[in-house]
2 protein chains.
Amino acid sequence: MNLDCPVPHHERARLLLGHGAGGRLTAELLEKLVLPALDSPVGSPLEDAALLPSQPDLVVSTDSFVVSPLSFPGGDIGSLAVHGTVNDLAMRGALPLALSLAVIAEEGLPLDDLRAALTSVGEAARAVPVPIVTGDTKVVGRGAADRLFLNSTGIGRRIRGLTPSAARACPGDAILLSGPVGLHGTAVLSLREDLGFEADIASDTRPLHRLVAALAPCGSGVHTLRDPTRGGIAAALNEIARDAAISVEVDEAVVPVPEPVAAACDLLGLDPLTVANEGCFLAFVAPELADHALAALHTLPEGSSAVRIGEAGPGPAGRVGLRTLVGARRILDMPLGEQLPRIC
Amino acid sequence: MNLDCPVPHHERARLLLGHGAGGRLTAELLEKLVLPALDSPVGSPLEDAALLPSQPDLVVSTDSFVVSPLSFPGGDIGSLAVHGTVNDLAMRGALPLALSLAVIAEEGLPLDDLRAALTSVGEAARAVPVPIVTGDTKVVGRGAADRLFLNSTGIGRRIRGLTPSAARACPGDAILLSGPVGLHGTAVLSLREDLGFEADIASDTRPLHRLVAALAPCGSGVHTLRDPTRGGIAAALNEIARDAAISVEVDEAVVPVPEPVAAACDLLGLDPLTVANEGCFLAFVAPELADHALAALHTLPEGSSAVRIGEAGPGPAGRVGLRTLVGARRILDMPLGEQLPRIC
């Protein structure tokens, strides 16, 4: 789809679900429409969490949550809204100082459902802990929104010595993965599509800031952190390889894919490497610190299954290669991004 | 409507449009459902802009925008998203440091419409100027949202010496209004209801931070600032009277209501004092500084018609009285909040 090609009015280009799915279409929408329209420099893309001007230790991140259904095994839209934003801050090496919460709700939503979602926000925020300092509530007419959308924006303060950024990944870096992949996406899809995996699969939604704090002793040797949400680790690795102009080589046999996730993905025709996660992250670290970083991740329950899954190379820039289970090599493409709408 | 009364499941209480309209129902939803669910202290309500913990000069504010139609005389959802958040920061005496922008869009939205809205965001942000440092894009299926919703969250730094807060309004304060009322709400409604006032009425949407900065010489004598958006000056005055436990007396004859706004309100059966504004604010200032503050507002075009509309009294706490055009006195109630959905 060519976003910048003039078309006759009656054939106007329209937004696709895939434009919001975190893959290639999302990247194209950002580069060809969003950033030029905002007149932001293309090539220095909007990061999930950005440094705050004139406040060198503060970062800010925003995320909207439109997940359907509103609750699912392991979590709900409320906990997701807290964890998602806390984790985006953590990926820039920051601990959360404060969150905002904005509600867009559909007229007729049972107040019990709203109360349940907000109670979950409150519980998740206290568990972090992070205060919710400001909010907003909008109600739209029946049919103008699907039940409930949340936005949370977070402000965080960087942990001293940690300055991770997508652009800092280097050839030679060890690539660590803090936990198993595919749980969140398959938990939501299983419920939505009535696949019956709900007893075996729960979302991995959780805050990751403590796990990032555990990496603080590795300091500036922690080059890049990224939580592989929409588009899974396939999208995250491709973004890092592109932004840092490096290549990436991953060993498929080492990537932890829980058995029920593999079964659900088989049934759905999905690659678990493209499925959304909400409770693990990728870390690109200097090779001499890899063992030290892994050991630090293993000290916390949420990092107990952290593994080294591959390494960064000098190029070709942007290429993500996979050593497959059968010993072959293939390119792990950026997912196009149509398969999993409203996963978060 | 009793939000905390248990009801049989089949008669579950449901969200009403009025719960989002900024009036009494919104206050009730916040106090009885949102704040208890979040486990935030009731009575210290979520302010539109809050102080950031451990950063005494920084404030943060969030707002979602669901206005329908997406563009209207004088502005559109994009400019509104920038101005609304910049103004919420300004009402706490802060200049904007950075904005985030989160997009929720409906599948099938013409890309031209998205581009137009985001171009407007970019233009409005550059005019302030404030950088948009981070963003998020979600796409939901057809029918799951009405075209386009935006959220902008702002971080601002307080102007030295300005510490306005709703609770600081005092008996004896002069109440200033920076510009005419009713333009934004009637501009949007006229277009939506096809009333034909579009040639005569344009939204007043504009950034108010410069006008607030002009008040800096009045320092801590500027007790309270509030931009009367949803619910108009009726809601804003009632909120301040409640939060500061004061009474308020306003002279209706002095409140500037443009003639076309009065005509549109007559036709719609609306009180212009309850109609949303996006480009003016109320200031409660120490009486000895009132003339000085008014003169400061008059130095800028957006404050050229600023007037003194009344004064604060010692009580009864929360009462807003109006000296009417015919010389009678009446209570100006908090609007219930059903009349103007999706005005911002």
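Sequence lines set the chain letters: A, B, ... in the order given, protein chains first and strands last, and positions in each chain run from 1.
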For this session: Would you list the pairs meeting salt bridge (Lys or Arg N to Asp or Glu O under 4.0 Å) in which at least one residue belongs to residues 117-130 of chain A, sequence neighbours left out?
Result: Arg126(A)-Asp39(B)
For this session: Identify which part of Pro110(B) has an atom lying under 4.5 Å from any heavy atom of chain A, answering side chain, backbone, both or neither.
Result: both
Seminar exercise, completed: So CG of Leu52(A) and OG1 of Thr134(B): to nearest 0.5 Å the spacing works out to 10.5 Å
Exercise. Do the non-hydrogen side-chain atoms of Pro53(B) and Val133(A) ever get within less than 4.5 Å of each other?
Worked result: yes
Exercise. What distance separates Ile155(A) CD1 from Leu58(B) CG, expressed to the nearest 0.5 Å?
Worked result: 8.5 Å
For this session: Using a 4.5 Å cut-off on heavy atoms from C-beta on, say whether the side chain of Leu111(B) contacts that of Arg14(A).
Result: no
For this session: Might you point out which heavy atoms bring Leu15(B) and Leu114(A) nearest each other, and give the distance in Å?
Result: CD1-CD2, 4.1 Å
Seminar exercise, completed: Heavy-atom closest pair (Leu38(A) atom, Leu118(B) atom, distance to 0.1 Å) is CD2-O, 3.4 Å
Problem set entry | Partner chain B: residue of Ala144(A), Gly122(A), Ala145(A) with the largest heavy-atom pair count (under 4.5 Å) | Ala144(A)
Problem set entry | Proximal component of Ile104(B), with respect to chain A [non-hydrogen, under 4.5 Å] | side chain
Problem set entry | Heavy-atom proximity to chain A below 4.5 Å, by part of Arg157(B) | side chain
Exercise. Which one, Gly143(B), Gly108(B), Ser100(B), Gly141(B), leads in non-hydrogen pairs under 4.5 Å with chain A?
Worked result: Gly108(B)
For this session: Tell me whether the guanidinium CZ or amine NZ of Lys138(B) lies under 6.0 angstrom from the six-membered ring centre of Phe149(A) and within 45° of its axis.
Result: no
Seminar exercise, completed: So, the part of Leu109(B) with a heavy atom under 4.5 Å from chain A: the answer is both
Problem set entry | Audit row: Leu16(A), Val139(B), side chain to side chain contact (heavy atoms under 4.5 Å, CB included) steps and yes/no | CA-CA 7 Å; Leu16(A) 308 175; Val139(B) 181; over 6 Å; no
For this session: Hey, could you give me the OG1/CG distance between Thr153(B) and Asp136(A), rounded to the nearest 0.5 Å?
Result: 9.0 Å
For this session: For each of Val140(A), Leu97(A), Val121(A), Thr26(A), tally heavy-atom pairs with chain B at distances under 4.5 Å, and name the one with the top tally.
Result: Val140(A)
Exercise. Heavy atoms, side chains only, cut-off 4.5 Å: are Pro36(A) and Arg115(B) in contact?
Worked result: no
Seminar exercise, completed: Interatomic distance, CD@Glu106(B) vs CG@Asp146(A), rounded to 0.5 Å, equals 11.0 Å
